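Notes to accompany the following structure.
Remember, it's 1-based here, ligands and their atoms both numbered in the order they're listed. These numbers come from a predicted model, not from an experiment.
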Amino acid sequence: MTIRVRFAPSPTGKLHVGSARTALFNWFFAKHEGGAFILRIEDTDQKRSNPEFLKDIYASLEFLGIRADEGPIFQSQRQAIYREQVQRLLASGAAKEHEGGIILPVAPRQVTFRDLLHGDITVDTALFESLVLMKSDGTPTYNFACVVDDALMRVSHVIRGDDHIANTPKQIVLYEALGFALPAFAHIPLIVGADRARLSKRFGATSVDEYRQAGYLPEAFINYLALLGWAPGGNREFVPPEELVQLFDLAKVRKAAAQFDQRKLDWLNSQYIKQTPIPKLAELLAQRLLAKGWLPPDYDRAWMERVAALLQDRLRVLEDIIDEHAFLFQDPPAYQDEAVAQFLRHDGVGHRLRELRDRLDRLPAFDTTGVEAVTRGLAAEQQLAPKDLIHPVRVAVTGRSVSPPLFESMALLGKARVLRRLDQAVSLAESR
Ligand code: GLU
């Protein structure tokens, strides 16, 4: 049998991480089996559909490394097909007009289907009595359009969120009425937040786009979502996308809701950042800095690689470069009030920083070793513990009480900027 799956988002909101996982499981399954992945846009509700969300779906799928083999196919362009199918049911007497729409009356009986994750599911059709096929405005209902499309697109496996499990018996009734063969069904669990309720805004980001913007690497994000409720065995946590395709096994997806664990995602992302080759990392960081206007278009690539190497082990997400390390790119740096109060506003600090400034000015080569030797030398001469000089210098140069290794940061900033910042800190220290 040829494996054919589809991912069928509605462009009525940004692509949710739960939908992203559904898309990925479809993708892994199709690629593992050498099958086809179809992208179908369920946009029959024109009022709620928005081209912005369509763009978001495309961008998010690209981020997830998913390239549809067929599609996008738009339901809004398939009206004639739905009408033709409904016509068949009207002609045979199975369907009838009702309040301007078209319905299919359903005789009471049991419908059983086998779900690849949940096993046999039996539902009494008395629960729904009749099914609406076409609404009074002439558009098809989700269930009807979905069945017609899945059948005509020869979808072999319907893999979707288990919020649709109640629709499946209705869809089976429709398959039978239309005389179409049934696909296999797998309903995969939703993703829930720390409160065990469906992942919602209250617990942070819910759309793929927000994670992309925050600077999660696609590999890390894919790896994380894939292992949420599925495991390749062997306690592995770090499984890059190519391997996910090789190892994926739909039957092993857990049927309990999957709990989103932000800390684990962060950990995984930092692992992927640590493994990124420096030139690549420098490039990724530079893209963000360029977009912010914090780097000139003709920036120094070698310098940017030194920045990347310095920060590689400290970044949780790429956007940390903007949120935590602005001092490397912004002059003057933003001085944290607390850090200034704690480390600069003490007797003698202004004097020492001025002395350090003058000594650094005379340093022939402004490199990490030289800067460190001068700073430590001055501390020793003044009988200070090194930290009693290093902390104020850190605040002077970075504006913050926590920073990447100080002497390397100073070397990266270069003499002119460091001297200017020390001057500034002297005024801050003395302006009490
Ligand atoms: N448009 C539906 C959704 O986004 C598709 C459900 C399905 O896969 O059948 O939930």
Side-chain angles (χ1 to χ4, degrees), residues 3-30 35-58 60-61 64 66 68 70-78 81-82 85 113 115-118 121 123 131-133 135 139-175 178 180 182-191 198-200 206-209 225 250 253 257:
I3 300 292
R4 292 171 61 80
V5 302
R6 86 309 190 265
F7 177 57
S10 305
T12 53
K14 285 193 161 194
L15 196 74
H16 190 273
V17 292
S19 304
R21 197 175 59 131
T22 302
L24 282 172
F25 284 1
N26 272 288
W27 172 253
F28 296 149
F29 180 69
F37 178 104
I38 304 164
L39 175 61
R40 183 169 78 221
I41 306 296
E42 303 209 322
D43 59 347
T44 53
D45 187 344
Q46 286 288 334
K47 281 194 288 299
R48 290 178 60 222
S49 298
N50 178 330
E52 278 305 305
F53 296 139
L54 189 60
K55 266 172 48 193
D56 176 79
I57 290 170
Y58 295 154
S60 299
L61 290 179
L64 296 169
I66 295 175
E70 292 174 29
I73 299 167
F74 294 86
Q75 285 192 327
S76 59
Q77 294 169 8
R78 294 169 61 81
I81 296 170
Y82 308 127
Q85 295 298 327
F113 70 97
D115 183 278
L116 295 178
L117 266 63
H118 299 263
I121 296 179
V123 174
L131 296 170
V132 181
L133 309 179
K135 295 179 253 181
T139 59
T141 56
Y142 154 70
N143 278 321
F144 184 63
C146 181
V147 167
V148 169
D149 284 348
D150 285 342
L152 298 184
M153 293 171 192
R154 290 172 288 115
V155 168
S156 64
H157 290 72
V158 169
I159 305 169
R160 62 181 162 208
D162 66 11
D163 50 337
H164 283 289
I165 223 163
N167 283 320
T168 305
K170 300 178 187 170
Q171 295 189 1
I172 287 173
V173 168
L174 295 176
Y175 275 98
L178 289 160
F180 291 141
L182 288 183
F185 291 97
H187 290 91
I188 62 176
L190 295 180
I191 298 180
R198 185 171 190 189
L199 195 61
S200 76
T206 54
S207 69
V208 174
D209 185 53
L225 286 184
L250 190 56
V253 173

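Contact between Phe7 and ligand 1 is absent, with no heavy atom of the residue lying under 4.0 Å from the ligand.
In this structure, Phe28 and Ile159 have side chains that are not in contact, with every pair of non-hydrogen atoms separated by 4.5 Å or more. In this structure, the side chains of Val253 and Pro189 come closer than 4.5 Å at one or more pairs of heavy atoms. Put simply, the side chain of Leu54 reaches to within 4.5 Å of the side chain of Phe74, judged on heavy atoms.
Scanning the protein for heavy atoms near atom 4 (O) of ligand 1, the closest one is Ala8 O, 3.5 Å. Closest protein heavy atom to atom 3 (C) of ligand 1: His164 NE2, 3.7 Å. At the shortest separation from atom 8 (O) of ligand 1 among protein heavy atoms lies Arg6 NH1, 2.7 Å.
Under the salt bridge (charged side-chain N to carboxylate O under 4.0 Å, His left out) criterion, Arg6 pairs with Asp150, sequence neighbours left out. Listed by chain and number, the residues in a salt bridge (charged side-chain N to carboxylate O under 4.0 Å, His left out) with Asp149 are Arg40, Arg78 (sequence neighbours excluded).
Nearest-residue assignment for atom 1 (N) of ligand 1 (options His187, Gln171, Glu42, Gln75; heavy-atom criterion): Glu42.
For ligand 1, the atoms closer than 4.0 angstrom to any heavy atom of Tyr142 are 5 (C), 6 (C), 7 (C), 9 (O). If you number the atoms of ligand 1 from 1 as listed, the ones under 4.0 Å from a heavy atom of Arg160 come out as 7 (C), 8 (O), 9 (O). Proximity to Cys146 (heavy-atom distance under 4.0 Å) selects the following atoms of ligand 1: 9 (O).
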* To do: Would you check, one step at a time, whether the test side chain to side chain donor-acceptor pair (under 3.5 Å) holds for Gln171 with Asn143?
  => CA-CA 6 Å; Gln171 295 189 1; Asn143 278 321; 2.9 Å; yes
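When only interatomic distances are considered, the shortest N/O to N/O separation between Pro9 and ligand 1 does not fall below 3.5 Å.
The aromatic rings of His187 and Phe185 lie parallel to each other, with less than 30° between the two planes, well short of the 60° mark.
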